[in-house]
Each structure stands twice: as C-alpha cells, then as structure tokens.
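Taking it in order: structure first as structure tokens, then the write-up.
The shown structure was predicted, so the numbers you read here are calculated from the model rather than taken from an experiment.
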Amino acid sequence: PAPLTKVEIEKQRLTDLFKQSGPLQAKVDANINKGFSNVSGAPGNYYLRLPVGVTPISDEDATTFLAQSNTYEATNNALMRGYGRLLGVTNVITKELGLQDPQSFIENMQELDRVFPDAPPEVNDALREIQEAEGVYNVTKAILDNPGAVLSVVGESLPTSLPTIAAALLGPFAPAGAFATSWATEYAVVIDEEIKMTGVDLQDDAFWAKARKRAKTRAGPIAVFDALSMGIAGKLLSKVVARGGSRAAVGGALGAEVLTQGAFGGAGEAAAQRFEMYRGMKDKFVLGDVALETVGEFVPGAGEIAVKAK
C-alpha cells in the first residue's frame, strides 16, 4: 500500500486522541493552526466558521479540517511569503492597538511562522551578496548577477504595499492615506523583524521599548517619502494622455513615473538608515538595501500610478 500522507497521519493521530476518555489538555490543543482551520470548540462540540456564521460539525469532520490545517504549509514563493508578512504586520498592528491580548499575539505569530516558510537559502545568500556589496558599481553588478533575489524582493513587497496602493483611491487625501498606511506597515515590519532577530521574552518591557523606538525611527522617513511619491503619482502620465500623446510619449511618461516611484522608495530607505545611524541604532549605511528598495518599489509604484492616472 502507498505510504500515508502527512494529512492522513495527522488525522489518525487526532482520531486516536479523541477516542481517549477524559478532558485531556491535548484535546484542547488539537487545533494547532486556528486561523487556518476555521474550526472552534472541542470534541463533541465542534463548530465550523463560515462567511455567514458558524455551523455545528461532527468530530469526524472536525478531524478532517484539523488534520489539513495542522499540516498546512504555504507554497514557498515570493508572493506567499509577502502575504505571510502582511498577516504578520496585521498581527502586530492589532496588538499595538490593544485589539488582542499578548498571548493571542504570540500564538498568532507562532502560527504564521509554522505556516509561511522563509525564503530559500539561495535567495538569502543572493540578498546578502547585494547587501554586502560596496559602491554603486558593485551593488549594481550584484543586482544584475542575482535577478532571482530581486524578483523575490519585488514579489514579497507587493502584498505589504496593497494598503498604500489602496490609499490612492482617497483622491485629494491620498498622500495622507499613504503616509498613515506606510507608517503603520513599516512600524509593524520592524517590530516583527526585531522579534525574529532577538527571540527574547515578549513580556520584556525593555525589548518593546527598544523595538518601538527603532520602528518609529524608520517609519517616519519612509512614510514621508511614500506620501510625496503618492502626491505626484500619475500626474505626468495624465498630462501626456490628456494632450493626446503618442504611444511612445505615453510609454515614456509611464517609464519616467515608475522610475520616479522607485527613486522615492530608495530615498525613503536611505533617509531611514541615516536616521537610524543618527540615533545610534545602526553602524553602517547599506547601499544594497537602498537599491533593493528602489527596484522593489517599481511594481507597487506602477499600481499607484494606474489608480491615480486620469
């Protein structure tokens, strides 16, 4: 017979567990990835969350849903890693706003770590090569030598840029919306990075004070440049289209706008790094990160342009 799959093995484990008598803690803990199972309750009293409410389900059906969610691992590609990062950002923001307690925050963070994979070693090695390169020539060469790593940065940045792109729909308030969403996103990204880098006790007040200080230090400059880029997005293209410009003229305007959006993204990263150095949080300016942020802003910037151009 064919070997059992991970889901089948987990389903058998849960079935055996539920057959045991008594209110065991293991039964309570059987729902490992609660955010992905859509199941709540305990043996004999399970419910499935649906868009229109909840409905009771049998233990047998519950074991199927739980086995699938307990063993679920997201596909390891840039967009999925970016989506996982967006969920992590949301987790941090809701915690900081007091919308969830610390224990729920920790459980959600651990769940996201289980479900969403890290970038493959070859991508991390390529990114490290770009970050360690010094001088414009060497950084440019490293980027051209590692297109897969650059595409990974672009793909991962797109999901977390969606709130800022959505701000383009706010009309005259789009720059303010871009500032707010960009500030919140960068703040949460830095907090998430600090947690993963240090691995400290999340009840440590000193850690939170340091992490929040660095998060605010980076969030401010990046949000300012994102707001500025939102303010000019689509304007050149709209003028060329309104004047009946040729396809070449429209293409040139679009290209210029995309490059400008990338330049603003890189400028925001550069300003954030300089501010970190000024406040004693960073020892060295990393040109590679500025270059990656510049390139990574091309696709989200094109999205802003598309929304704002008339």
Side-chain angles (χ1 to χ4, degrees), residues 1-121 155-156 158-160 162-163 188-189 191-193 195-196 199-203:
L4 296 177
T5 65
K6 290 193 301 182
V7 174
E8 290 170 335
I9 293 172
E10 178 65 5
K11 185 174 181 180
Q12 185 60 55
R13 183 188 74 84
L14 294 172
T15 299
D16 294 341
L17 174 63
F18 292 168
K19 288 179 180 178
Q20 297 179 32
S21 61
L24 302 177
Q25 182 63 37
K27 294 181 181 180
V28 178
D29 298 335
N31 194 356
I32 296 175
N33 294 327
K34 299 177 182 177
F36 292 85
S37 69
N38 289 322
V39 172
S40 59
N45 191 34
Y46 274 119
Y47 292 87
L48 179 65
R49 295 192 301 274
L50 300 172
V52 293
V54 297
T55 183
I57 56 174
S58 66
D59 286 0
E60 182 177 358
D61 288 339
T63 59
T64 299
F65 288 115
L66 294 179
Q68 292 171 343
S69 63
N70 287 355
T71 58
Y72 174 67
E73 292 181 5
T75 305
N76 196 349
N77 60 50
L79 286 175
M80 285 303 294
R81 293 195 298 272
Y83 176 59
R85 196 175 188 185
L86 177 61
L87 294 179
V89 164
T90 303
N91 189 41
V92 171
I93 291 174
T94 54
K95 189 267 180 190
E96 291 292 85
L97 292 175
L99 300 178
Q100 65 172 328
D101 59 80
Q103 185 59 37
S104 297
F105 166 74
I106 294 171
E107 291 177 357
N108 289 336
M109 183 183 64
Q110 293 172 336
E111 180 176 310
L112 293 174
D113 286 342
R114 285 192 297 268
V115 170
F116 292 95
D118 294 326
E156 288 188 33
L158 185 56
T160 53
L162 291 177
V189 165
I191 294 289
D192 194 51
E193 287 178 352
I195 291 172
K196 292 179 178 179
V200 300
D201 179 5
L202 295 183
Q203 305 298 329

Under 3.5 Å, is there a donor-acceptor pair linking the side chains of D16 and Q12?
-> yes
Separation of I32 CD1 from E111 CD (nearest 0.5 Å) = 10.0 Å
If you look at every heavy atom in A188 and I93, which pair is closest and at what distance?
-> CB-CG1, 3.9 Å
Run the side chain to side chain contact (heavy atoms under 4.5 Å, CB included) check on Y72 and V7 step by step: do they pass?
-> CA-CA 9 Å; Y72 174 67; V7 174; over 6 Å; no
How long is the span from the CZ atom in F18 to the CD atom in Q20, to the nearest 0.5 Å?
-> 10.5 Å
Verdict with reasoning, K95 to N108, per side chain to side chain contact (heavy atoms under 4.5 Å, CB included) | CA-CA 10 Å; K95 189 267 180 190; N108 289 336; over 6 Å; no
At their closest point, which heavy atom of G44 faces which heavy atom of D59, and how far apart are they?
-> N-OD1, 2.8 Å
A30 and L17: which non-hydrogen atoms are nearest, and at how many Å?
-> CB-CD2, 4.3 Å
Shortest non-hydrogen pair, E156 vs A119, comes out as OE2-CB, 4.3 Å
To the nearest 0.5 Å, tell me how far I191 CD1 sits from N91 CG.
-> 12.0 Å
Gap between atom OG of S37 and atom CZ of R49 - 0.5 Å precision = 6.0 Å
From CA spacing to verdict: side chain to side chain contact (heavy atoms under 4.5 Å, CB included), N70, L14 = CA-CA 10 Å; N70 287 355; L14 294 172; 4.1 Å; yes
Heavy-atom distance under 4.5 Å between the side chains of V115 and L87, does that happen here?
-> no
Between K11 and E8, is there a side-chain N and carboxylate O pair less than 4.0 Å apart?
-> no
Can you tell me which residue pairs pass the side chain to side chain donor-acceptor pair (under 3.5 Å) test with a partner in residues 38-47, sequence neighbours excluded?
-> N45-Y47
Give a yes or no answer on whether the side chain of E10 reaches the backbone of T71 with a donor-acceptor pair at less than 3.5 Å.
-> no
All heavy atoms of P120 vs all of R81, minimum pair found to be CD-NH1, 3.6 Å
State the CG-OH distance between L112 and Y83, to the nearest 0.5 angstrom.
-> 9.0 Å
So CD1 of I106 and CD of Q100: to nearest 0.5 Å the spacing works out to 10.0 Å
Quick check: does any side chain N or O of D192 sit under 3.5 Å from a backbone N or O of R85, one acting as donor and the other as acceptor?
-> no
Atom NZ of K34: over 12 foreign heavy atoms under 6.0 Å = no
So with a 6.0 Å cut-off around CZ of F116, is the heavy-atom count from everything else above 12?
-> yes
